[in-house]
Protein chains: 2
Amino acid sequence: MAAALDMAYLAAKCGEVPVGAVIVKDGEIISAAHNLCEANKNPLCHAEMLAISDALDKLGEMRLCGCDMYVTLEPCVMCCGAISHARLRRLYFGAYDKIGGGVVSNLHCFGNNSPLYSTEYYCGIMEDECSALLTEFFENLRQSR
Amino acid sequence: MAAALDMAYLAAKCGEVPVGAVIVKDGEIISAAHNLCEANKNPLCHAEMLAISDALDKLGEMRLCGCDMYVTLEPCVMCCGAISHARLRRLYFGAYDKIGGGVVSNLHCFGNNSPLYSTEYYCGIMEDECSALLTEFFENLRQSR
């Protein structure tokens, strides 16, 4: 999660919402990304989506079996779906997203006994650090407007 | 929906799961896409995701306000999230997806009074045609194995 947080700090520096994600296989980071929605002018460019596509490219495979994702914020509904499609083994997330969270906060994408959406997940990993970064970012944004 | 079906037929010809999507603004189709998961070796390349990114590129905007999507199959959870993030106005879909559908079949992404996930949707448009194409595709696939 520390590596995902590094990506989130990088995002904040670029003016992107500070969310970072890394994908790990056999104890090694195979992809790392942060939000690029502003830079790409595309609201689908969440850290998780970019990290998944990058990992798929690197492995040259259609699925990420045996891979785990660490992401600083609870994934939204879109990213939960992508995590399922990519067959990630485990998801670890930091801060909770009460408005958009698709794991436990707003919708329960993985909790409906579906064979498609059944990724194992762990919540609140380094929650304070992940959450503080987001809070600070949005406070600065409000003050600058 | 007829234009989305044309894209789905094209997908089947390429060996992709036959799902097609188009995005319409002011009565004109601004993007059209079909599944490219096999060709791109990427399970995130659903017709809806590609149509959204293409439409964003064409309009040069961060959102697709005032745009509607027609897609031959009920969107999955990932695509429902993307449809919300792109702020599509209305979603029209054809066949129901009992296993992966994120609108009414498996999960109800738009039905939880969330301000984030609140796209207006209409189900079962040209359902028979959309469904028949998928059934035929998977029957052929089974027979060829």
Side-chain angles (χ1 to χ4, degrees), chain A residues 16-17 31 35-46 48-65 74-88 97-103 105-119, chain B residues 16-17 31 35-46 48-65 74-88 97-103 105-119:
Chain A
E16 301 279 352
V17 174
S31 73
N35 266 0
L36 279 175
C37 295
E38 298 297 327
N40 292 356
K41 285 190 88 171
N42 185 329
L44 314 190
C45 290
H46 288 193
E48 300 94 314
M49 304 296 282
L50 302 173
I52 289 173
S53 286
D54 189 34
L56 290 165
D57 281 350
K58 279 189 185 148
L59 296 181
E61 289 175 17
M62 273 286 275
R63 311 287 175 196
L64 299 175
C65 302
E74 179 182 355
C76 73
V77 166
M78 172 181 74
C79 293
C80 286
I83 286 164
S84 301
H85 292 317
R87 301 284 186 278
L88 279 159
D97 181 355
K98 287 182 184 168
I99 297 173
V103 184
S105 296
N106 183 303
L107 270 162
H108 291 73
C109 289
F110 303 129
N112 61 346
N113 295 322
S114 161
L116 264 191
Y117 307 114
S118 58
T119 308
Chain B
E16 302 279 352
V17 175
S31 73
N35 266 359
L36 278 175
C37 295
E38 298 297 327
N40 292 357
K41 286 190 88 173
N42 186 329
L44 314 190
C45 290
H46 288 194
E48 299 95 315
M49 304 296 283
L50 303 173
I52 289 172
S53 286
D54 189 35
L56 289 165
D57 280 350
K58 280 190 184 147
L59 296 182
E61 289 175 16
M62 273 285 276
R63 312 286 176 196
L64 299 175
C65 302
E74 180 181 355
C76 72
V77 167
M78 172 181 74
C79 293
C80 285
I83 286 165
S84 300
H85 292 317
R87 302 282 188 279
L88 278 159
D97 181 355
K98 286 182 185 168
I99 297 172
V103 185
S105 296
N106 184 304
L107 269 162
H108 292 74
C109 289
F110 302 129
N112 61 345
N113 295 322
S114 160
L116 263 192
Y117 307 115
S118 58
T119 309

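Chain identifiers are assigned alphabetically (A, B, ...) following the order of the sequence lines, protein sequences preceding nucleic acid strands; residue numbering begins at 1 within each chain. Everything numeric here is computed off the predicted structure, so don't read it as measured data.
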Checklist line | Exam field: side chain A/Tyr117 to backbone B/Val77, donor-acceptor pair closer than 3.5 Å | finding: yes

Check: To the nearest 0.5 Å, how far apart are SG in B/Cys45 and CE in A/Met62?
Finding: 9.0 Å

Item checked: B/Asp57: partners by side-chain hydrogen bond (donor to acceptor under 3.5 Å, both in side chains), with sequence neighbours left out -> none

Checklist line | A/Pro43 side chain near B/Leu56 side chain, heavy-atom distance below 4.5 Å | finding: yes

Checklist line | Between OG on residue A/Ser53 and CG on residue B/Leu44, distance to nearest 0.5 Å | finding: 4.5 Å

Notebook entry, point to check: Any side-chain heavy atom of A/His85 within less than 4.5 Å of one from B/Cys37?
Noted result: no

Margin query: Counting heavy-atom pairs under 4.5 Å with chain A, which one of B/Ile99, B/Ile52, B/Asn42 comes out on top?
Written below: B/Asn42

Item checked: Residues which pass salt bridge (Lys or Arg N to Asp or Glu O under 4.0 Å) with B/Lys58, listed by chain and number, not counting sequence neighbours -> B/Asp54

Check: Contact part of A/Arg87 toward chain B, heavy-atom cut-off under 4.5 Å: side chain, backbone, both or neither?
Finding: neither

Notebook entry, point to check: Between A/Gly102, A/Ala82, A/Ala86, which residue shows the highest count of heavy-atom pairs closer than 4.5 Å to chain B?
Noted result: A/Ala82

Check: Is chain B contacted by the side chain of A/Ile83, its backbone, both, or neither, given a heavy-atom distance below 4.5 Å?
Finding: neither

Notebook entry, point to check: Rounded to the nearest 0.5 Å, how far does SG of B/Cys80 lie from CE of A/Met78?
Noted result: 12.0 Å

